[in-house]
Amino acid sequence: MDETRHLATVTLDRARARPLGRVDLARVRDVACAVLAAEQVGAASRALELTVEYTRQRVRFGRPIGSFQALKHRMADLHVLVETSRSAAYAAPASPRLAAVAKVHCSEVLGEVTAEMIQLHGGIAITWDHPRTGTSNEHTRPRSYSAHPITTFRASP
């Protein structure tokens with residue numbers, strides 16, 4: 001359902017191969033984790049921004065729903081989650097362990113923020129015409145980003 005991440009399989013038939021040199025795959029993984037964490041922070045931040053904006057506009061019982069204390073508390077909790085994930089993403093490049101922790105934490109935060117966004121937007125949040133579509137991935141998707149390769153390359157002998 002996420003149109004921003006294209007999945008593909010590339011098969012290279014009779015292609016010449018040459019070594020690229022020594023590639024530190026662990027370092028590539030760490031950089032990918034750090035970059036993914038930063039992307040997830042941006043998506044979570046935008047999801048929260050859209051939710052706050054919507055709750056300021058949506059009126060029920062004669063006032064914006066964002067003025068209700070229960071929703072203020074929920075959005076304040078989301079703000080804290082987004083900011084902790086931002087801190088984790090900033091720390092990610094410092095070490096492989098921090099990169100892994102940031103990726104996991106930011107994935108969880110993005111999942112929680114987008115789930116709350118859908119809840120607080122009500123029915124409109126699940127339509128493709130709503131601006132939240134494309135700003136973040138479906139709330140169940142982030143946890144699987146690093147579990148499976150986005151693109152696989154196979155070279156035929």
Side-chain angles (χ1 to χ4, degrees), residues 1-10 23-60 63-154:
M1 292 185 70
D2 179 10
E3 296 177 1
T4 64
R5 294 205 184 275
H6 300 283
L7 302 176
T9 300
V10 177
V23 178
D24 183 1
L25 293 179
R27 179 69 184 139
V28 170
R29 182 203 59 223
D30 297 340
V31 170
C33 284
V35 169
L36 180 58
E39 179 186 22
Q40 291 170 331
V41 170
S45 182
R46 179 68 176 141
L48 179 57
E49 184 181 305
L50 287 171
T51 303
V52 170
E53 181 182 316
Y54 179 77
T55 60
R56 286 181 178 155
Q57 296 171 359
R58 179 84 169 138
V59 175
R60 280 292 165 253
R63 60 191 237 204
I65 63 171
S67 67
F68 295 116
Q69 188 172 11
L71 296 186
K72 287 181 181 180
H73 284 265
R74 284 171 74 175
M75 287 182 284
D77 290 343
L78 295 177
H79 175 73
V80 169
L81 286 174
V82 169
E83 292 306 312
T84 59
S85 68
R86 189 181 316 278
S87 294
Y90 284 151
S95 77
R97 183 167 291 178
L98 290 176
V101 168
K103 196 236 16 124
V104 170
H105 179 67
C106 294
S107 291
E108 293 297 320
V109 168
L110 178 57
E112 191 164 336
V113 171
T114 55
E116 282 289 312
M117 176 184 68
I118 290 169
Q119 180 72 34
L120 292 171
H121 274 77
I124 194 170
I126 60 171
T127 64
W128 283 105
D129 295 330
H130 191 266
R132 72 105 198 137
T133 305
T135 59
S136 65
N137 300 295
E138 296 306 327
H139 68 280
T140 57
R141 181 81 186 262
R143 291 173 184 87
S144 66
Y145 280 167
S146 64
H148 305 289
I150 304 258
T151 303
T152 57
F153 292 94
R154 276 184 259 147

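Note that the structure is predicted; figures quoted are calculated from it, not measured.
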Using atom types as modelled, flag every donor-acceptor pair under 3.5 Å from a side chain in residues 24-37 to any protein atom, sequence neighbours excluded.
| from | atom 1 | to | atom 2 | distance (Å) |
| --- | --- | --- | --- | --- |
| Asp24 | OD1 | Ala26 | N | 3.3 |
| Asp24 | OD1 | Arg27 | N | 3.4 |

Worksheet item: According to the side-chain hydrogen bond (donor to acceptor under 3.5 Å, both in side chains) rule, which pairs have a member within residues 64-75, sequence neighbours left out?
Response: Arg63-Ser67, Gln69-His73, Arg74-Glu116
If you take all heavy atoms of [X] and [Y], which pair is closest and at what distance?
X	Y	result
Arg60	Phe68	O-CZ, 3.7 Å
Ser85	Val109	OG-CG1, 3.9 Å
Val41	Cys106	CG2-SG, 3.7 Å
Ala47	Thr114	CB-CG2, 4.2 Å

Quick one: side-chain hydrogen bond (donor to acceptor under 3.5 Å, both in side chains) partners of [X], sequence neighbours excluded?
X	value
Arg56	none
Glu49	Arg46
Ser95	none

Report the distance from atom [atom1] of [X] to atom [atom2] of [Y], rounding to the nearest 0.5 Å.
X	Y	atom1	atom2	result
Ile65	Arg58	CD1	CZ	6.5 Å
Gln119	Leu71	CD	CG	10.0 Å
Asp77	Glu112	CG	CD	8.5 Å
Leu81	Ser45	CG	OG	12.5 Å
Thr51	Ile118	OG1	CD1	9.5 Å

Worksheet item: Between Met75 and Leu120, is any pair of side-chain heavy atoms under 4.5 Å apart?
Response: yes
Practice prompt. State which residues pass salt bridge (Lys or Arg N to Asp or Glu O under 4.0 Å) with Glu83; sequence neighbours excluded, sorted by chain then number.
Written response: Arg86
Discussion item. What verdict does the side-chain contact (heavy atoms from CB on, under 4.5 Å) test give for Met117 and Leu48, after you've listed the backbone C-alpha separation in whole Å, the side-chain angles of each residue and the deciding distance to 0.1 Å?
Written reply: CA-CA 7 Å; Met117 176 184 68; Leu48 179 57; over 6 Å; no
